[in-house]
Structures are given as structure tokens and as C-alpha cells.
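Right, one structure below, let's go through it.
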Protein chains: 2
Amino acid sequence: MTRSHFASMNCAVAHTLDVIGEWWTLLIIREAFYGARRFAQFQRNLGIARNILTVRLRKLVETGVLERVPVRPGAKRYEYRLTEMGLEVLPILVALMQWGDRWMLGTDKAPVRVIDRATGNEVPQVRLLAEDGRPLGPEDLSVVPGPGADRASRLRFRAAGRAAARAARAG
Amino acid sequence: MTRSHFASMNCAVAHTLDVIGEWWTLLIIREAFYGARRFAQFQRNLGIARNILTVRLRKLVETGVLERVPVRPGAKRYEYRLTEMGLEVLPILVALMQWGDRWMLGTDKAPVRVIDRATGNEVPQVRLLAEDGRPLGPEDLSVVPGPGADRASRLRFRAAGRAAARAARAG
DNA sequence: GAAATAAGTTGCATTACGCAACCATTTGTG
DNA sequence: CACAAATGGTTGCGTAATGCAACTTATTTC
């Protein structure tokens with residue numbers, strides 16, 4: 001009946017998706033990175049229904065991804081700004097964009113490019129790297145229970161497990 | 001009326017979300033990384049409704065994120081495996097997990113840890129890095145039109161623009 | 001060869017979402 | 001200051017998406 005909430009799962013991915021994984025939400029955050037601050041900017045740039053935008057913005061503010069501040073001290077008109085929590089969504093967004101460029105559109109058809117202003121070059125692919133800079137693929141990883149693992153998770157990810165590797169050896 | 005499709009937007013993030021941004025989909029991919037292959041495994045581990053799982057798996061196979069292969073040559077029972085396209089979702093998943101560990105749960109309560117098998121250490125934070133290894137924040141980036149930009153995108157992201165930086169200077 | 005499991009499908013109830021109209025508060029213009 | 005327009009929503013209603021449970025058909029297991 002009720003649409004499932006992921007937050008009750010013992011999984012950080014699920015908790016994250018519960019906050020930023022709803023329909024439209026990541027695009028709203030994208031717009032914030034592109035410089036949008038006002039309700040009407042988000043609405044025009046995305047073409048989102050206004051009531052849905054209201055609900056999404058409210059939730060993002062409650063969660064702390066955005067903050068709602070008066071346009072001018074004392075004003076009753078507000079704008080929405082990324083908090084530190086929101087700014088840290090950037091790697092997720094760029095990873096999503098790069099994946100789409102590569103697998104959905106083709107790199108030669110990328111609608112936007114994200115540029116390192118210091119060099120003018122495109123930002124390199126977001127990858128998993130070890131401390132020494134070695135790139136890490138699924139076969140290099142193990143998944144083990146963390147300090148917050150519940151009983152089920154501990155059973156599932158015994159120390160010996162190497163789940164990601166198992167997926168990688170699918171062939 | 002019809003729930004909006006993001007694929008018509010001139011944006012790689014939107015195209016990506018259209019494929020892996022639906023409710024449950026990223027958790028299904030997470031399960032695949034954890035080693036799940038069979039319908040019942042996904043269903044039990046996630047507690048997802050079976051009809052929804054059917055629809056999601058079908059779409060992921062159509063898109064090419066998963067492939068549906070006979071359990072045994074000639075068998076009529078199938079399993080789902082990550083393709084190369086699917087394996088490349090890994091940085092997105094890990095970034096989501098790390099964000100949730102940090103901002104939702106607290107790092108000391110992480111349900112699972114992703115380990116570099118070569119060293120036994122936890123995989124470092126996924127970040128934007130320049131070619132020389134310099135970490136890049138929002139203030140270091142510009143967003144400019146790419147080769148596939150439509151008219152509206154070109155107007156919006158003139159070469160002079162520095163959208164991400166604008167968001168970062170919100171204070 | 002009977003029972004159990006796997007992998008769905010179908011029907012119905014509930015929730016989420018899109019559209020358009022409405023409203024109250026600023027902001028701009030003469 | 002009067003008046004119009006823009007801003008930032010809210011409300012009501014119809015459609016699409018999701019959850020639950022029961023049913024179906026292969027495939028294993030005993």
C-alpha cells in the first residue's frame with residue numbers, strides 16, 4: 001500500500017535515496033549547482049509541476065540539503081541555497097552525468113561539459129581510487145559489515161565475503 | 001498527466017536518471033554488486049513487490065545494464081548479471097553510500113564498509129580530481145555547452161559561465 | 001510422481017504526480 | 001500612490017506508479 005521507505009533498511013545507499021532519490025530531486029540539486037536559487041528559476045528550468053516543486057524543496061530544506069534564506073535581510077521572499085551537505089552531492093551528480101554521457105548519449109554528444117577552471121580541461125572521470133592512486137574496479141573490492149551493521153547484514157557480509165568481486169566475475 | 005520523462009531533456013543527468021533513477025532501481029543494482037543474480041534473491045533481499053521487480057529487471061535488461069542469461073546452457077530459467085554498462089555504475093553507488101554514511105547515518109554507524117582487497121583499507125572518498133590529482137570543489141568548476149548542446153543549453157551555459165562556482169559562492 | 005521452489009502475471013487498492021486554476025504578497029511603472 | 005505584473009506558493013481533480021495478495025506455469029527436490 002504505502003510506498004516503501006528505504007530509510008528503514010540497514011544501508012546507506014537506501015538512506016541517501018530516501019532523501020535525494022525521489023523523482024525530480026537530483027535534477028533540482030543539479031539546477032542549484034547551475035546557479036538556480038529562486039522557486040521560479042527551478043520551475044522554469046525544469047518544467048516541474050509547482051506543487052511537486054514545493055514538496056521537494058520543503059523536504060530538501062528539512063533534510064538540510066538546501067537552506068531557505070530571505071532574499072534580503074528581513075524580506076519575506078526566500079531563496080534556496082546548497083548547504084555543505086548539498087555541495088557534497090557534486091561527485092554523485094558528476095558521476096551520473098559522465099555515465100549518461102558515455103552510455104546514453106555518447107561522449108561526442110554531451111550537452112554540457114564540466115571544466116576545471118584552472119586548466120580549462122574537462123574534469124576527468126570520477127573513479128574509485130586507492131590511497132596510492134591505483135584505480136579500483138569491482139573485482140578489487142570486498143564488502144564487509146561496518147560498525148552499524150544489524151544482525152542480517154552481519155550474516156550477509158561475513159568478513160570473508162567479497163561481494164562486489166562476485167558480481168564482477170559474472171562471466 | 002503522464003509522469004514526466006527526463007530523457008527529452010538536453011542533459012546527461014536526466015538521461016541517466018531515466019534509466020537508473022526510478023524507485024528501487026539503484027537498490028537492485030546494489031544487490032547485483034553484492035552478488036544477487038536470481039529473481040528471488042533480489043526479491044527477498046529488497047522486499048520489493050514482485051510485479052515491480054519484474055518491470056524494473058525488464059527495463060534494466062532492455063537498457064543493457066543487466067543481461068538475462070540462462071542459468072545453465074539451454075535452461076529456461078534465467079539469471080541477471082551486470083554488463084560492462086552496469087559495472088560502471090559502481091562509482092555512483094559508492095558515492096551514494098559514502099554520502100549517506102557521512103550525512104545520514106554518521107560514519108561510525110556505517111552498515112557496510114567497502115574494502116580494497118589489496119590493502120584491507122576502506123576505499124577512500126569518491127571525489128572530483130584534476131589530472132594532477134588536485135581535489136576539485138564546486139568553486140573550481142565551470143559548466144560550458146558541450147558538442148550536443150541544444151540552442152537553449154548554449155544560451156544558458158555561455159563559455160563565460162561558471163555555474164557551479166556561482167552555487168558555491170552562495171554565502 | 002508429489003511437494004516445494006522459482007519466476008513471474010493479474011486484479012485491486014492506495015499513493016504519487018501532472019495540470020490548471022486560484023490566492024496572497026512583493027515588485028515594477030507612470 | 002494606483003495599478004499591473006511577477007513571485008511563491010496552495011488546492012482540486014484526474015491519471016500513472018506502486019504495494020499486496022492470489023494465481024499460474026516451469027523446474028527441482030525427495
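Because only heavy atoms are used, hydrogens play no part in the values below, and waters and symmetry mates are left out as well, while side chains stay in. Order of the sequence lines fixes the chain letters, A, B, ..., with proteins taken first and strands second; residue numbering starts at 1 for each chain. Treat the numbers as computed from the prediction; the structure is a model and nothing was measured.
Taking atom CG of Leu17(A) as the reference point, atom C1' of dT18(D) lies 17 Å away to the nearest angstrom. One can place CD1 of Ile28(B) at 11 Å from P of dT18(D), the figure rounded to the nearest angstrom. For the pair Lys59(A) NZ and dA16(C) C1', the interatomic distance rounds to 12 Å; values are reported in whole Å. We find that OH of Tyr78(B) is positioned 24 Å from P of dT5(C), with the value rounded to whole Å. Between Glu79(B) atom CD and dG8(C) atom P there is a gap of 12 Å when expressed in whole angstrom units. Following rounding to the nearest Å, Arg72(A) (CZ) and dT26(C) (C1') show an atom-to-atom distance of 9 Å. When rounded to the nearest whole Å, the span between CD1 of Ile52(A) and P of dT15(D) equals 17 Å. As a whole-Å value, the separation of Asn45(B) CG from dA6(C) C1' is 15 Å.
Of the candidates dT7(D), dA6(C), dA16(C), dT7(D) carries the atom nearest the Arg38(A) side chain, counting heavy atoms from C-beta on. Here the nucleotide nearest the side chain of Asn51(B), chosen from dG8(C), dG11(C), dT27(C), is dG11(C). For Phe39(B), counting side-chain heavy atoms from C-beta on, the closest listed nucleotide (dA7(C), dG9(D), dA26(D)) is dA7(C). Among dT9(C), dC17(C), dA26(D), the nucleotide with an atom closest to any side-chain atom of Arg77(B) is dA26(D). If you check dA16(D), dG19(D), dT27(D) against the side chain of Lys76(B), the one that comes closest is dT27(D). Here the nucleotide nearest the side chain of Arg68(A), chosen from dG9(D), dG8(C), dT7(D), is dG9(D). For Arg50(A), the side-chain atoms get nearest to dA21(C) when compared with the rest of dA21(C), dG12(D), dA7(C).
Checked for salt-bridge contact, Arg102(A) and Glu84(B) meet the test: a charged N lies under 4.0 Å from a carboxylate O. A salt bridge does not link Arg56(B) with Glu62(B): every distance from a Lys NZ or Arg NE/NH1/NH2 to an Asp or Glu carboxylate oxygen is 4.0 Å or more. A salt bridge is defined here as a Lys NZ or Arg NE, NH1 or NH2 lying under 4.0 Å from an Asp or Glu carboxylate O, and Glu79(B) with Arg68(B) fails to meet this definition. A salt bridge between Asp101(A) and Lys109(A) is absent, with no side-chain N of the basic residue lying under 4.0 Å from a carboxylate O of the acidic one.
Look at Arg56(A) and you won't find any side-chain N or O under 4.0 angstrom from OP1 or OP2 of dG18(C). Between dA7(C) and Thr54(B), no contact under 4.0 Å exists linking OP1 or OP2 to a side-chain N or O. Trp23(B) has no side-chain polar atom (N or O) that falls below the 4.0 Å cut-off from OP1 or OP2 of dA16(C). At the phosphate of dG8(C), OP1 or OP2 sits under 4.0 Å from a side-chain N or O atom of Tyr80(B). Residue Arg3(A) places none of its side-chain N or O atoms closer than 4.0 Å to OP1 or OP2 of dC20(D).
In this structure, Phe42(A) reaches neither bases nor backbone, as no heavy-atom distance under 4.0 Å exists between it and the strands shown.
Phe157(A) and Tyr34(B) have their aromatic ring centers within a separation under 6.0 angstrom.
Nearest-nucleotide assignment on DNA chain C puts the 5′-proximal partner with Gly47(A), out of Val71(A) and Gly47(A). Sequence order on DNA chain D of the closest nucleotides to Arg58(A) and Ser4(A) puts Arg58(A) first from the 5' end.
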CA sep, side-chain torsions, deciding dist, call: Thr54(B), Asn51(B), side-chain hydrogen bond (donor to acceptor under 3.5 Å, both in side chains): CA-CA 5 Å; Thr54(B) 301; Asn51(B) 50 351; over 6 Å; no

